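Below is one structure, written out as C-alpha cells; the observations come after it.
Computed from a predicted model, the values in this text were never measured in an experiment.
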Amino acid sequence: MHLSRFCRLPLLLGFALAGCNATPARTDYRAAEVQPVEVMPQRDGDVLIRYHVPAETLFHSPGADVRTASDGSLEVSLRRCGIKQPCTVTHPAAATAGAPLQVEFALRPRGRIIMVYRDLREQVFPAPPAAAAPSS
C-alpha cells in the first residue's frame, strides 16, 4: 500500500488527515444513472457539482465521498444509501431549488476533479479539451 508523504506522518501519530485515503474510492452509481452531471466553477473558487438522483423508494443519495488521489487530483464518488441505513459522506448534497431529483454540493479544487462511477472515470474539471474534429 502506497501512501503519500502527507498521509504517512498523521498515520504514524495515530490519526489521519481528511483526504488521505489509501483505499480505492467507493462508488455506487453507473454514469448513466446520475446524468446530467453539471460542473460549475463559482466566483469564490469552489466548484458546484449538480447531479440527477434516480427516483427510488428504498435508496437516496446523501452526497459524495471525495478523496485525494496520488497525483493530487480529487476523485468524486457519488453515494447511494438505503433510507434506513446510516450513511456518512465527506460532501453532503442539498436539494436544488426548483429542480426535483437534482442535488448539489460544492468543493474546493486543488487541481483536476475526476468523477468515479462504477463503469467509468471521467475528468470534469478543468473541462477536458473537446475532441478534435476530423480534417477533410
Side-chain angles (χ1 to χ4, degrees):
M1 173 184 349
H2 173 69
L3 295 175
S4 75
R5 210 174 358 175
F6 299 104
C7 294
R8 287 183 198 144
L9 180 60
L11 287 175
L12 292 173
L13 297 174
F15 60 93
L17 290 172
C20 291
N21 187 355
T23 59
R26 175 182 172 166
T27 184
D28 297 318
Y29 289 107
R30 288 185 173 91
E33 294 172 319
V34 292
Q35 296 301 316
V37 173
E38 300 173 69
V39 179
M40 299 162 280
Q42 306 294 294
R43 287 188 177 143
D44 64 0
D46 284 352
V47 171
L48 186 70
I49 297 180
R50 180 179 297 154
Y51 62 99
H52 167 77
V53 179
E56 301 180 283
T57 56
L58 299 177
F59 296 92
H60 70 106
S61 180
D65 282 332
V66 178
R67 67 181 288 273
T68 303
S70 61
D71 67 356
S73 62
L74 296 179
E75 294 182 343
V76 178
S77 300
L78 304 177
R79 295 294 312 278
R80 177 181 183 247
C81 302
I83 58 171
K84 293 185 179 183
Q85 83 185 80
C87 190
T88 57
V89 294
T90 61
H91 289 73
T96 303
L101 300 178
Q102 294 282 321
V103 295
E104 61 191 25
F105 63 92
L107 61 100
R108 178 69 47 118
R110 296 182 291 242
R112 297 182 313 138
I113 297 175
I114 309 294
M115 296 298 296
V116 179
Y117 305 104
R118 283 191 345 206
D119 59 344
L120 177 69
R121 293 175 56 85
E122 175 182 37
Q123 178 178 325
V124 295
F125 182 86
S135 322
S136 32

State, to 0.1 Å, how close Gly111 and Phe125 come at their nearest heavy-atom pair, and which atoms those are. O-CD2, 3.8 Å
Geometric class of the His91/Phe105 ring pair [parallel <30°, tilted 30-60°, perpendicular >60°]: tilted
Would you say that Gln35 contacts Tyr117 through its side chain, given a criterion of any heavy-atom pair below 4.5 Å between the two side chains? yes
Can you hop from Leu78 to Leu120 via hydrophobic side chains spaced under 4.5 Å? yes
Check: Gln42 side chain, Met40 main-chain N or O, donor-acceptor pair, under 3.5 Å: yes
Distance in Å, Cys87 SG paired with His60 NE2, rounded so as to fall on 0.5 Å steps: 5.5 Å
Say whether Val89 and Val76 are linked into one hydrophobic cluster, either directly or through other cluster members, by side-chain heavy-atom distances under 4.5 angstrom. no
Would a distance-only check, ignoring hydrogens and angles, find a side-chain to backbone donor-acceptor pair under 3.5 Å from Asp119 to Ala31? yes
Indicate yes or no: at least one non-hydrogen side-chain atom of Met115 is less than 4.5 angstrom from one of Arg121. no
Got Ile114 and Val124 here, is their nearest side-chain heavy-atom distance under 4.5 Å? no
Taking only Lys NZ, Arg NE, NH1 and NH2, and the carboxylate oxygens of Asp or Glu, determine whether Arg118 and Glu33 approach each other closer than 4.0 Å. no
Within the side chain of Ser61, is there an N or O that forms a donor-acceptor pair under 3.5 Å with the backbone of Val53? no
Check Val103 against Ala95 and note the closest heavy-atom contact, atom names and distance. CG1-CA, 4.2 Å
Exercise: do Gln102 and Arg50 side chains pair donor with acceptor under 3.5 Å: no
First locate atom CG of Leu74, then atom CZ of Arg67, and finally report the distance between them rounded to the nearest 0.5 Å. 10.5 Å
List, by chain and then residue number, the residues other than Phe59 in its hydrophobic cluster (Ile/Leu/Val/Met/Phe/Trp/Tyr, side-chain heavy atoms under 4.5 Å); write none if there are no others. Leu58, Ile83
Looking only at non-hydrogen atoms, find the nearest pair between Val34 and Pro54 and report the distance. CG1-CD, 4.5 Å
Heavy-atom closest pair, residues Thr90 and Val66: OG1-N, 2.8 Å
Decide yes or no for Arg108 and Asp44: does some side-chain heavy atom of the first lie under 4.5 Å from some side-chain heavy atom of the second? yes
Where Pro109 and Ile113 come nearest, the two heavy atoms and their spacing: CB-CD1, 3.9 Å
Between OG1 on residue Thr96 and CG on residue Leu101, distance to nearest 0.5 Å: 10.0 Å
